[in-house]
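Report on the structure given below.
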Amino acid sequence: MRILHTSDWHLGHEMYNYRRQDEFEDFFRQLTDVVTREQPDALLVSGDVYHSSVPTVAVQTQYVEAMLALHEACPSMEIIVTAGNHDSASRLEIDKLLWGHFHVHVVGGLARCDEGVDYDRHIFRIADKGIVAAVPHVFRQNFPSAGQPDEDRQTAFFNGLLDRVAQVNTDGLPVVLMAHLAVAASLDGHEPYIVGGMDYALLTTLGRGYDYAALGHLHRPHQVPDDKTAVRYSGSPLAITFNEEYEHSVTIAEVSHGEEPSLRIIPVIPMRPVKTVPATAVPLDEALDILAGLPDDDMAYIRLNVSSADGLPPDCNERALNAAKGKKCRFCTFQLVDERQLGDRHQLEDVSPEQLREMDPMEVARKYLEGKGIPPEDYMEMMKETIESLKMEDAQ
């Protein structure tokens with residue numbers, strides 16, 4: 001089964017009050033080209049279709065037109081859309097019966113029944129090619145409970161779903177699991193904003209019995225470390241914050257039962273990339289000169305990297321907008337670095353991994369705090385008490 005995996009579109013997102021409708025139109029043109037070329041059996045959208053639970057009429061219209069264009073590009077393709085934490089489950093599902101005529105299947109919330117969950121309504125057969133088990137974003141405490149803790153009820157749900165898939169999968173077809181959640185092994189390098197809070201799951205929570213897990217929620221495209229199956233975040237197609245200055249993409253997965261999927265990463269070329277300039281913080285006047293010197297046709301969103309010991313003057317935004325006047329770039333904000341920290345900020349960068357492993361945790365913490373310009377004495381005693389408490393718990 002060939003699937004096209006994408007997620008976290010965040011339609012309607014604005015970058016510092018700049019509207020991005022043309023950027024999303026450009027992304028949909030690229031996505032439609034991929035569908036036309038690849039002719040996948042299924043297109044999976046793993047949550048966060050919209051940036052807001054109450055999208056505007058214009059944003060909803062853009063979504064409808066894009067879905068119809070994707071269907072026309074490959075009429076036999078099944079499209080499965082699940083709700084993310086930014087979506088309104090009921091709003092996303094409101095036209096699900098109509099969407100079914102265009103091979104679009106929408107899963108906004110858990111399909112509940114008297115016995116708990118109607119698993120069959122989360123399971124989609126892709127002709128004779130494979131099976132997709134689709135799970136929207138659900139907070140752990142909202143999974144059906146039989147008196148278990150939140151973590152156990154979430155695990156029980158995934159195990160129950162995959163057990164049901166095994167029962168109906170009499171032909172031994174490949175199985176794809178869709179979910180919108182943060183897996184603990186993938187949190188490094190993601191801001192809480194991107195993660196969507198601290199609600200995360202262990203990889204074991206997803207259970208076993210699938211050949212590929214098409215995940216959404218984290219915006220950096222990457223594969224979750226796992227030696228038994230392929231678990232991947234396709235990532236967002238457009239950068240949502242300035243800390244997402246990396247390549248965005250969609251994923252083509254060729255999935256066979258009991259075999260490692262073959263993955264191809266197809267980059268999404270942004271109409272307006274995000275840029276923090278310069279790479280190293282400089283005084284405001286120098287940063288403004290760099291902004292003024294950018295090519296006139298550079299369409300990027302710009303964050304100026306500025307160093308100062310006294311903060312920024314009240315007219316800093318006006319000066320930056322004037323420096324960008326007549327250019328296609330979009331000045332957004334400043335990244336302010338206290339120049340008093342610059343001399344100490346790299347204290348841990350020169351430490352090798354081997355040296356770091358041999359260092360006392362308290363010394364690592366001290367160097368980190370000093371590098372951030374934070375007086376370590378305010379925290380060291382509290383950290384010492386925490387470490388001693390953890391040792392006592394381990395001993396028990």
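The figures that follow rest on heavy atoms only: side chains count, while hydrogens, waters and symmetry mates do not. The first residue of the sequence shown is numbered 1, and numbering continues consecutively from there.
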Does T82 form a side-chain contact (heavy atoms from CB on, under 4.5 Å) with V45? I'd like the steps, not just the answer.
CA-CA 6 Å; T82 57; V45 186; over 6 Å; no
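- Two residues are said to be in side-chain contact when any heavy atoms from C-beta on lie closer than 4.5 Å; D118 and R112 fail this criterion.
- Note that NE2 of H105 is 10.5 Å distant from CG of L44, once rounded to the nearest 0.5 Å.
- Within the 3.5 Å criterion, the main-chain N or O of V57 finds a donor-acceptor partner in the side chain of T61.
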Under the side-chain hydrogen bond (donor to acceptor under 3.5 Å, both in side chains) rule, what do T276 and R303 come out as? Steps first, then yes or no, please.
CA-CA 5 Å; T276 299; R303 176 173 67 173; 3.0 Å; yes
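- With hydrogens and angles ignored, the 3.5 Å screen pairs no side-chain donor or acceptor of S236 with any backbone N or O of A239.
- Between L294 atom CG and D289 atom CG the span is 11.0 Å, to the nearest 0.5 Å.
- Once rounded to the nearest 0.5 Å, the distance linking NZ of K325 with CG of D296 reads 14.0 Å.
- Smallest separation of non-hydrogen atoms from L336 and S308: CD1-CB, 3.9 Å.
- By the neighbour-count criterion of 12 heavy atoms within 6.0 Å, atom CG of L68 is densely surrounded, having more than that number from other residues, nucleotides or ligands.
- Residues D298 and K327 are not paired through a salt bridge, judged by the lack of any N-O separation under 4.0 Å between the basic side chain and the carboxylate.
- Residues V250 and Q30 are not in side-chain contact: their nearest non-hydrogen atoms beyond the backbone lie 4.5 Å or more apart.
- Scanning both residues, L288 and A320, for their nearest heavy atoms gives CD2-CA, 3.6 Å.
- Using a 4.5 Å heavy-atom cutoff, the side chains of V176 and V255 are in contact.
- Using a 4.5 Å heavy-atom cutoff, the side chains of S234 and S46 are not in contact.
- Taking the charged nitrogens against the carboxylate oxygens, D171 and R125 do have a contact shorter than 4.0 Å, which makes a salt bridge.
- The distance from atom NE2 of H103 to atom CG of L43, rounded to the nearest 0.5 Å, is 13.5 Å.
- By the 4.0 Å N-to-carboxylate-O rule, K328 lies too far from D297 to be salt-bridged with it.
- Linking ILVMFWY side-chain heavy atoms closer than 4.5 Å, directly or via other members, places V64 and I94 in two distinct hydrophobic clusters.
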Steps toward side-chain contact (heavy atoms from CB on, under 4.5 Å) verdict (R272, D22)
CA-CA 10 Å; R272 295 188 183 91; D22 57 346; 3.0 Å; yes
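- Ring planes of F242 and Y16: tilted class, angle from 30 to 60°.
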List the steps, then state whether side-chain hydrogen bond (donor to acceptor under 3.5 Å, both in side chains) holds for H217 with N85.
CA-CA 8 Å; H217 199 22; N85 56 297; 3.2 Å; yes
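- The aromatic ring centres of H122 and F124 sit 6.0 Å or more apart.
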Given Y63 and Y50, is the ring pair (Phe, Tyr, Trp, His ring centres under 6.0 Å) satisfied, shown in steps?
CA-CA 9 Å; Y63 167 72; Y50 296 115; 5.5 Å; yes
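- No donor-acceptor distance shorter than 3.5 angstrom exists from the side chain of N142 to the backbone of V138, with no hydrogens or angles considered.
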Tell me, with the steps shown, if Y301 and R330 meet side-chain hydrogen bond (donor to acceptor under 3.5 Å, both in side chains).
CA-CA 5 Å; Y301 291 104; R330 293 178 166 183; 3.1 Å; yes
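- No more than 12 heavy atoms of other residues, nucleotides or ligands lie within 6.0 Å of CZ in R19, so this atom counts as exposed by the packing criterion.
- Taking the six-membered ring for Trp and the full ring otherwise, H219 and H10 have centroids separated by under 6.0 Å.
- With H222 contributing its side chain and R220 its backbone, the two residues share a donor-acceptor pair below 3.5 Å.
- Contact detail for P144 and V117: the closest heavy-atom pair is CG-CG2, 3.2 Å.
- Between I123 and V132, every side-chain heavy-atom pair lies at or beyond the 4.5 Å cut-off.
- At least one side-chain heavy atom of V104 sits under 4.5 Å from a side-chain heavy atom of V106.
- Not a single donor-acceptor pair under 3.5 Å links the side chain of D95 to the backbone N or O of W99.
- Taking the six-membered ring for Trp and thresholds of 30 and 60 degrees, F158 and F143 have ring planes inclined between 30 and 60 degrees apart.
- Under the 4.0 Å criterion applied to side-chain N and carboxylate O atoms, R20 and E14 are not assigned as salt-bridge partners.
- Between H248 and Y246, the ring-plane angle classifies as parallel under the 30° and 60° cut-offs.
- Here the CD atom belonging to E72 is positioned 10.0 Å from the OG1 atom belonging to T36, to the nearest 0.5 angstrom.
- Residue-environment remark: CD (Q39) exceeds the threshold of 12 foreign heavy atoms within 6.0 Å.
- Nearest heavy-atom pair across E244 and I240 is OE1-N, 3.1 Å.
- In terms of heavy atoms, N159 sits closest to G207 at OD1-CA, 3.6 Å.
- One N or O on the side chain of D211 and one on the backbone of V175 form a donor-acceptor pair closer than 3.5 Å.
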Checking S249 against I266 for the side-chain contact (heavy atoms from CB on, under 4.5 Å) test, could you report, in this order, the C-alpha distance in whole Å, the side-chain angles of both residues, the deciding distance, and whether it holds?
CA-CA 5 Å; S249 60; I266 301 180; 5.8 Å; no
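- For N17, the CG atom counts as loosely surrounded, since its 6.0 Å shell holds 12 or fewer non-hydrogen atoms of other residues, nucleotides or ligands.
- Using a 4.5 Å heavy-atom cutoff, the side chains of Y233 and V183 are in contact.
- Under the 4.5 Å side-chain criterion, counting only non-hydrogen atoms from C-beta, E254 is not in contact with L263.
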Take H101 and L97, measure what side-chain contact (heavy atoms from CB on, under 4.5 Å) needs, and give me the verdict at the end.
CA-CA 8 Å; H101 293 285; L97 294 178; over 6 Å; no
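- Salt-bridge formation is detected for the pair D41/K129: a Lys NZ or Arg NE/NH1/NH2 atom is positioned less than 4.0 Å from an Asp or Glu carboxylate oxygen.
- Taking the six-membered ring wherever Trp is involved, the centroid distance between the rings of Y119 and F157 falls below 6.0 Å.
- Taken from CD in E286 to CG in N305, the straight-line distance is 11.0 Å, to the nearest 0.5 Å.
- H86 places a side-chain N or O within 3.5 Å of a backbone atom of H51 that can act as its donor or acceptor partner.
- Residues S7 and G216 come closest through the heavy atom pair OG-CA, 3.7 Å.
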What's the verdict on side-chain hydrogen bond (donor to acceptor under 3.5 Å, both in side chains) for T251 and R232, showing C-alpha distance, side-chain angles and the deciding distance?
CA-CA 9 Å; T251 303; R232 182 168 178 80; 3.0 Å; yes
